[in-house]
Amino acid sequence: MNKYAKRPASIPSLLNNAEQLAGLSLRELAEMQAIATPPNLRRDKGWIGQLLEQALGASAGSKPEQDFPELGVELKTIPVDSRGKPLETTFVSVAPLTGISGLRWQDSNVRNKLSCVLWIPIIGERSLAPGNRMIGQPLLWQPSTEQEHLLRQDWEEIMELISLGQVQNISARHGQVLQLRPKAANSRALTEAIGDQGQAIMTLPRGFYLKTQFTAALLARHFML
DNA sequence: TTTTGATCATCG
DNA sequence: CGATGATCAAAA
């Protein structure tokens with residue numbers, strides 16, 4: 001493993017590359033990549049994700065698609081404590097707020113992104129400096145039948161409310177495993193949505209997030225193997 | 001401005 | 001002390 005990471009040609013090779021990173025601290029990986037380690041994440045909230053993307057040869061930059069489109073794999077880092085429990089909900093994708101009539105689960109961004117995910121746990125409490133956090137054992141995951149059913153139910157319920165102009169009445173409590181929450185740099189960043197009379201309104205952009213209970217269960221299965 | 005990567009700050 | 005809602009930075 002060096003700083004000139006190649007795009008893996010296959011899923012097994014990607015998984016193998018990820019396994020080679022397990023046990024390293026983020027500082028060690030950053031040094032191998034010749035990337036500076038920030039003292040905290042206040043101004044570098046995407047640092048961990050970008051570090052792993054580069055190390056594994058993921059597509060550069062921001063795209064609404066998967067990180068490894070030719071493999072159909074999405075890369076996600078997930079902060080966990082020393083017991084492997086997620087510290088945060090996991091962002092999945094921005095929620096479409098307009099032009100959603102006829103949009104089906106099968107064609108949704110949420111399903112597309114979650115169809116195959118390479119999870120990389122990052123072990124370390126918030127108090128731990130980013131460079132001292134450790135890379136955990138990766139997990140290649142595809143939703144089970146039950147998991148996909150839960151995701152679909154939540155997604156369909158939330159999308160129906162959005163299409164009915166109820167965006168502003170949806171709280172993060174809707175849904176069992178998937179939640180809709182604001183996703184914006186600040187409260188002034190607005191996007192178009194449907195109002196309760198069917199009119200166009202401006203509102204905060206929203207994102208779909210996986211609840212910690214869901215990701216915890218998903219990781220627990222792996223850690224117990 | 002919107003997408004990516006997320007963490008921060010506060011409340012019950 | 002976990003969940004919810006708010007917010008941060010970079011790239012395109």
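Just so it is clear: chains get the letters A, B, ... in the order the sequence lines come, proteins before strands, and each one is counted from 1. If you're wondering where the values come from, they're calculated on a predicted model, not measured in any experiment.
- No contact: Pro205(A) has no heavy atom under 4.0 Å from any strand.
- Taking atom CZ of Phe91(A) as the reference point, atom P of dA9(C) lies 18 Å away to the nearest angstrom.
- No side-chain donor-acceptor contact under 3.5 Å links Gln166(A) to the backbone of Leu161(A).
- DNA chain B lies under 4.0 Å from at least one heavy atom of each of the following residues of residues 182-193 of chain A: Lys183(A), Leu190(A), Thr191(A).
- Comparing dT7(B), dG5(B), dT4(B) by their closest approach to the side chain of Glu74(A) singles out dG5(B).
- The hydrophobic clustering, which links ILVMFWY residues whose side-chain heavy atoms are closer than 4.5 Å, places Leu204(A) and Phe91(A) apart.
- Taking CD1 of Ile158(A) as the reference point, atom CD of Gln179(A) lies at 8.5 Å (rounded to 0.5 Å).
- Within residues 40-49 of chain A, the residues that place at least one heavy atom under 4.0 Å from DNA chain B are, in residue-number order, Leu41(A), Arg42(A), Lys45(A), Gly46(A), Gly49(A).
- DNA chain B lies under 4.0 Å from at least one heavy atom of each of the following residues of residues 117-135 of chain A: Arg126(A).
- There is no side-chain donor-acceptor pair under 3.5 Å between Gln106(A) and Arg104(A).
- A donor-acceptor pair is defined here as one N or O able to donate and one able to accept, closer than 3.5 Å; such a pair exists between the side chain of Asp154(A) and the backbone of Val177(A).
- You'll find the side chain of Leu15(A) reaches within 4.5 Å of the side chain of Pro138(A), heavy atoms only.
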List, with names and distances, any nitrogen or oxygen atoms from the protein found under 3.5 Å away from nitrogen or oxygen atoms belonging to nucleotides 1-3 of chain C.
| residue | atom | partner | partner atom | Å |
| --- | --- | --- | --- | --- |
| dA3(C) | OP2 | Thr212(A) | OG1 | 3.3 |

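- With Gln66(A) contributing its side chain and Asn112(A) its backbone, the two residues share a donor-acceptor pair below 3.5 Å.
- For Trp47(A) (side chain) and Asn40(A) (main-chain N/O), no donor-acceptor pair under 3.5 Å exists by modelled atom type.
- Taking atom CD of residue Glu88(A) and atom C1' of nucleotide dC8(B), one finds them 8 Å apart after rounding to whole Å.
- Under a 4.5 Å side-chain heavy-atom criterion applied to ILVMFWY residues, the cluster that includes Leu164(A) comprises that residue alone.
- Arg206(A) places its CZ atom 13 Å from the C1' atom of dT4(C), with the value rounded to the nearest Å.
- One atom, CZ of Arg181(A), and another, P of dA9(B), lie 15 Å apart when rounded to the nearest Å.
- Neither Val94(A) nor Ile201(A) shares a network with the other; the hydrophobic side chains, linked directly or stepwise wherever heavy atoms of I, L, V, M, F, W or Y lie under 4.5 Å apart, form separate groups for each.
- Closest-nucleotide positions on DNA chain C for Ala172(A) and Gln50(A) were compared, and the one nearer the 5' end corresponds to Ala172(A).
- Within the 4.5 Å cutoff, side-chain heavy atoms of Leu218(A) are placed close to those of Leu139(A).
- Per the geometry, CD1 belonging to Ile170(A) stands 15 Å off C1' belonging to dT4(C), to the nearest Å.
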Run Arg152(A) and Glu156(A) through salt bridge (charged side-chain N to carboxylate O under 4.0 Å, His left out) and show every step you take. CA-CA 6 Å; Arg152(A) 176 177 183 154; Glu156(A) 290 180 339; 2.8 Å; yes
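- The OH-P distance, from Tyr209(A) to dA6(C), rounds to 11 Å in whole Å.
- The shortest distance between side-chain heavy atoms of His174(A) and Leu180(A) does not fall below 4.5 Å.
- By the salt bridge (charged side-chain N to carboxylate O under 4.0 Å, His left out) test, Arg133(A) pairs with no residue at all, sequence neighbours left out.
- Atom P of nucleotide dT7(B) and atom CG of Leu26(A) are separated by 11 Å, given to the nearest angstrom.
- One interatomic measurement links the two molecules: CG of Leu210(A) to P of dG5(B), which rounds to 12 Å at whole-angstrom precision.
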